[in-house]
Amino acid sequence: MDKKDKSDKYIVNYGEPVGMIAAQSLGEPGTQMILRAFHFAGIESTIATSGLPRIVELVDARKKPATPITYVYLTGDAKKNIEKAEVIMKKISEVKMNTVIKRTLENFPKGMIKLISEEQAMSANNLTPSQVAQKISKKLNISAVVDKDKNILVKLKTKNVEEIRTMSVKIMREVVQGIPDAGKAIIQQDAKTGEFYLIAAGSNIKDIIEVDGVDRSRLYTNDVFAMNGLFGIEAARNTLVNELRKTLKEQKIGVDTRHLMVISDAMTYSGTIKGIGRHGLSGQKNSVFAKAAYEETVKHLVNAAAFSEIDNMRGVTENILVGKQIPLGTGSVRLAIKKEDMQKAAVKKKQK
Amino acid sequence: MDSTKKTFIYLNGKVIGFVTEPEKFVNEVRATRRKGQISGEINIAYSDKLNSININTDRGRLRKPYLIVENSKQKLTPELIEKLIKKEINFNYLVRNGVIEYLDAEEEENAMVAIKEDEITEKTTHLEFDMASIFGLSANVAPFAEHNAIARQAMSANYMKQAEGLYVTNFNQRFDSRSFILFYPQAPIVTTVPYETLDLKKHASGQNLVVALSTYYGYNMSDALVLNKAAVDRGVGRSMFYKSYSDEERRYPGGQRDRFKIPSPSSEGYMGEHAYSKLSEDGIIEPEVPVVDGDVLIGKVAPPRFLEENIGAGGLEERTRDDSATLKAGENGVIDSVIFTETPGATRTVKVRVRSIRVPERGDKFASRHGQKGVVALIANPEDMPFTASGIVPDLLLNPHSIPTRLTFGHLLEEIAGKAGAVAGRKVDGTSFTKTGNEKLSNYAEMLKQYGFDKYGDEIMYDGMTGRPFKATIFVGVAYYNRLYHMVSNKIQVRSRGKVQILTHQPTEGKARQGALKFGEMERDALIGYGASLLLKERMLDQSDKTTVLICKQCGAMGYYDYIKKTNICPLCGNTSLMPVEISYAFKVLLDEIKSMHIMPKIKINE
């Protein structure tokens with residue numbers, strides 16, 4: 001106990017089943033969680049999924065969260081200047097055609113599509129029909145003009161009904177302003193620092209980071225896979241921990257962060273994000289028996305027989321199955337020296 | 001005609017047509033029904049939101065009667081009431097003649113129901129018979145139900161049907177598989193109009209107990225109850241438990257049949273002379289014989305399960321199998337009655353009824369009529385219990401903490417009303433919605449005051465142990481308590497060692513099979529979490545299905561001991577050096593089953 005750090009006292013013992021304890025520590029409060037949590041003031045909590053569904057989403061490692069949210073912090077003047085922040089917001093906030101266009105009317109004999117403008121939505125996004133027409137004609141390589149009713153007329157070369165229909169659908173999906181998949185962005189003000197920042201309902205951080213005026217060091221999204229794609233697995237692991245902790249905190253459930261770290265580490269140690277379950281961690285166990293005991297018993301046994309697999313009996317489940325001591329806790333230690341060897345050594349010592 | 005104004009008519013969910021003036025149509029149908037020209041079982045509902053008319057005539061709809069109100073006047077006139085009293089007309093007459101009609105859930109959506117007659121307005125279409133008719137029968141049987149949280153009242157209705165009482169008066173003739181008869185059932189002091197109307201006091205299922213709201217050395221924490229031993233000795237909650245056993249002489253193909261008799265020692269599964277000692281000559285037990293578990297009640301021999309080749313040959317005695325009925329494990333009592341009868345198929349049948357007295361004991365369950373259940377934790381000596389100034393020792397001590405969180409104020413009202421009724425020597429009415437809570441309370445308070453008690457039921461009480469008065473006054477009243485049929489003596493089970501299942505060699509499950517308690521997956525997880533690997537092994541292997549198998553050191557197959565050659569041998573490679581290995585029998589079964597599917601599992605062993 002000489003000059004040891006106090007934290008050394010809290011290092012877990014060798015053989016401690018940290019995974020099981022982490023699973024129980026998250027699983028037990030999970031049973032108490034209410035499916036739909038209470039919402040508090042603020043936009044984040046009203047749009048983001050929370051509670052049990054969110055935990056399940058994180059732990060299952062779903063490719064796309066139900067409600068992706070990106071936090072975009074700003075650099076320079078935009079931090080304090082709402083007008084400059086708005087300029088950046090306009091660059092990011094995704095506006096699709098279907099928000100500025102009420103509906104489409106196809107004229108098949110003429111090969112024309114008429115797009116009826118939603119003027120309010122257009123002006124709200126600082127767009128004019130001619131701008132919109134310009135954008136889509138550039139992007140889709142078509143000729144679009146504005147008529148006297150401020151509607152957009154698209155003239156197509158083809159008169160094929162099918163092609164006109166697909167084009168009309170394609171037009172409506174087109175992004176006219178902002179970054180695709182970045183979602184609608186809004187400006188928020190930090191209550192403490194008074195700093196302006198953006199919240200976007202998407203997770204295309206790959207493109208958002210390229211925008212001038214965005215603080216690259218603080219860009220954050222709740223989409224674990226997007227974080228992994230841009231910043232790497234360590235960032236993804238930290239995002240997992242943060243999101244789990246945030247979700248649990250919302251429900252006032254106190255789970256020690258280190259349990260969440262163990263879970264997140266287990267999900268990410270391989271370099272890719274694996275869910276917990278049949279297709280993730282549990283499905284990639286080494287033991288045939290452990291896999292067969294979990295799910296799809298017959299499939300695993302048949303495969304094991306077909307490829308003459310060997311079970312090395314190193315895990316917990318398989319050892320309980322046959323009735324051996326489990327290699328954990330008190331079972332994780334073995335006698336290193338045999339009794340005979342000890343006696344031999346004693347004899348040698350005497351001879352000296 | 002504007003086609004958008006069509007209202008579709010659904011008859012039992014199927015479209016049969018449409019109308020353009022839905023309300024007029026619906027009213028016409030209703031008028032026809034009230035005249036008795038179409039069946040009163042038809043219900044019609046118009047929904048303007050869905051723009052549809054639903055006519056339902058099918059079964060399974062929940063329907064409730066209402067008095068019809070037309071032009072702000074209800075149709076049950078004083079003349080009709082007079083006729084009803086004289087029994088010149090009946091309820092069905094009123095239904096047929098458009099005074100009363102039944103509404104289902106859908107038609108109720110169209111109705112405007114007034115709860116009281118003076119609440120009728122121009123819009124009113126129906127009138128409730130009584131305020132209390134918003135409750136069902138079982139809720140109305142309990143007094144002051146309107147003062148309780150509805151969840152508690154629902155629980156109360158559940159407990160009342162679990163109560164022991166005098167469920168039939170011919171219980172002596174009946175052979176119910178299990179039944180309970182309360183020794184001294186009482187009619188409740190606090191009664192309700194529905195209770196009296198149903199004449200439930202003829203089948204009373206409880207007793208009026210003096211209940212004090214007091215703690216008692218922690219013996220009534222968390223819904224535990226303290227009973228007075230003197231009260232128990234006087235008959236509180238005492239009941240008789242009847243259980244019937246029956247057996248018949250079955251006939252089998254091939255002319256064989258069962259026979260009631262004392263099995264001969266040569267029978268398969270003979271239980272030893274002692275087990276049959278209580279049977280009379282015909283193999284059936286006699287009435288009034290005390291029995292304990294394991295005793296044979298009906299001696300019976302059956303033909304053997306599997307036919308053997310030389311059956312009956314060489315003048316050998318016919319081989320039989322013992323198939324006697326024994327008293328189940330953990331039970332005892334006295335044979336109450338035995339009957340011999342014959343089924344229509346001409347097979348002889350015996351029914352034996354065993355009776356035993358169930359005196360309330362620690363672990364038995366009681367409940368009041370307000371969803372307040374409890375388990376007896378102590379049967380206290382009366383001299384140690386608190387007593388009032390007038391020397392009354394309560395029959396039951398209820399923890400006061402069980403009232404506020406559950407919002408069962410009806411319980412408190414019943415205690416006051418019951419006390420008032422008890423001192424006045426008459427029944428009190430506790431029908432829901434008759435008066436306001438304050439009216440009732442002041443009424444009973446006045447009664448109590450008249451007889452020299454505290455207005456609100458509080459009493460100065462003295463500690464039975466020291467004789468000193470308590471600092472606080474204690475609320476004492478009289479409440480009707482039911483003894484519920486969940487009793488420890490029917491549920492208790494213990495096991496240290498015992499039977500195992502044939503397939504897995506693991507301990508059996510369930511009380512009827514003398515089973516062990518399951519050490520399940522979550523318990524397993526807990527031990528893993530502790531890292532207690534040896535304890536886990538003990539639970540999962542040593543105390544469960546440990547077996548030793550011989551594993552071939554060479555090829556890893558399972559071998560056996562050859563008794564003729566006096567050596568271990570591997571059936572695969574003929575190797576004689578095998579190693580005994582401890583594994584769970586369940587794993588051996590798994591290996592066997594895998595082998596049966598033409599897969600050869602092999603076990604490699606490190607020494």
Side-chain angles (χ1 to χ4, degrees), chain A residues 12-28 30-31 259 262 287-290 292-295 297-335 338 340, chain B residues 504-507 518-549 551 555-558 579-607:
Chain A
V12 291
N13 290 316
Y14 175 74
E16 189 85 26
V18 285
M20 178 59 79
I21 295 169
Q24 289 181 347
S25 304
L26 184 66
E28 196 277 334
T31 61
H259 295 313
V262 169
S287 165
V288 181
F289 288 128
Y294 180 58
E295 261 174 8
T297 311
V298 176
K299 184 184 128 190
H300 287 300
L301 287 181
V302 168
N303 278 345
F307 299 104
S308 80
E309 276 183 42
I310 294 171
D311 195 324
N312 287 314
M313 312 300 286
R314 297 226 172 90
V316 176
T317 318
E318 54 266 37
N319 277 307
I320 291 175
L321 182 81
V322 301
K324 269 173 65 180
Q325 249 191 75
I326 54 164
L328 269 180
T330 53
S332 57
V333 284
R334 287 281 145 74
L335 206 57
K338 282 183 185 170
E340 302 92 70
Chain B
T504 60
H505 285 201
Q506 286 170 2
K518 186 173 182 155
F519 187 82
E521 204 168 321
M522 292 180 89
E523 289 77 14
R524 179 202 80 141
D525 290 349
L527 285 197
I528 296 172
Y530 275 110
S533 68
L534 280 165
L535 178 58
L536 184 66
K537 187 187 156 245
E538 181 186 283
R539 283 289 114 207
M540 308 296 287
L541 187 76
D542 304 334
Q543 302 288 334
S544 180
D545 59 345
K546 186 161 88 172
T547 41
T548 308
V549 292
I551 303 292
C555 68
M558 231 184 275
M579 189 152 203
V581 178
E582 276 178 6
I583 58 166
S584 71
Y585 194 84
F587 183 58
K588 187 204 162 258
V589 174
L590 175 71
L591 294 181
D592 289 346
E593 286 192 10
I594 288 174
K595 275 182 225 163
S596 74
M597 302 201 318
H598 285 205
I599 299 168
M600 184 64 208
K602 290 181 177 178
I603 298 172
K604 287 183 185 173
I605 16 177
N606 295 329
E607 281 185 59

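So you know, we letter chains A, B, ... as the sequences are listed, proteins then strands, and number each from 1.
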B:K595 atom NZ: more than 12 heavy-atom contacts under 6.0 Å: yes
Where B:G531 and A:P17 come nearest, the two heavy atoms and their spacing: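 Closest approach of B:G531 to A:P17, heavy atoms only: N-CG, 3.8 Å.
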Considering all heavy atoms, the nearest A:T330-B:L534 contact: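 Closest pair (atom of A:T330, atom of B:L534, distance): OG1-N, 4.0 Å.
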Can you tell which part of [X] gets under 4.5 Å to a heavy atom of chain A, answering side chain, backbone, both or neither?
X	value
B:A586	neither
B:L535	neither
B:K546	neither

Can you give me every donor-acceptor pair (side chain of residues 522-530 of chain B, partner residue at least two apart or in another chain, under 3.5 Å) with its distance?
from, atom 1, to, atom 2, distance (Å)
B:E523, OE1, B:G520, N, 2.9

Pairwise side-chain contact, A:V302 with B:M597, heavy-atom cut-off 4.5 Å (strictly under):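 A side-chain contact is absent here, since even the closest heavy-atom pair is not under 4.5 Å.
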Neighbourhood of chain B inside residues 316-326 of chain A, taking heavy atoms under 4.5 Å as contact: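 Within residues 316-326 of chain A, near chain B: A:V316, A:T317, A:I320, A:L321, A:V322, A:G323, A:K324, A:Q325, A:I326.
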Separation of A:S308 OG from B:M600 CE (nearest 0.5 Å):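 Answer for the CE-OG pair, B:M600 versus A:S308, is 13.5 Å.
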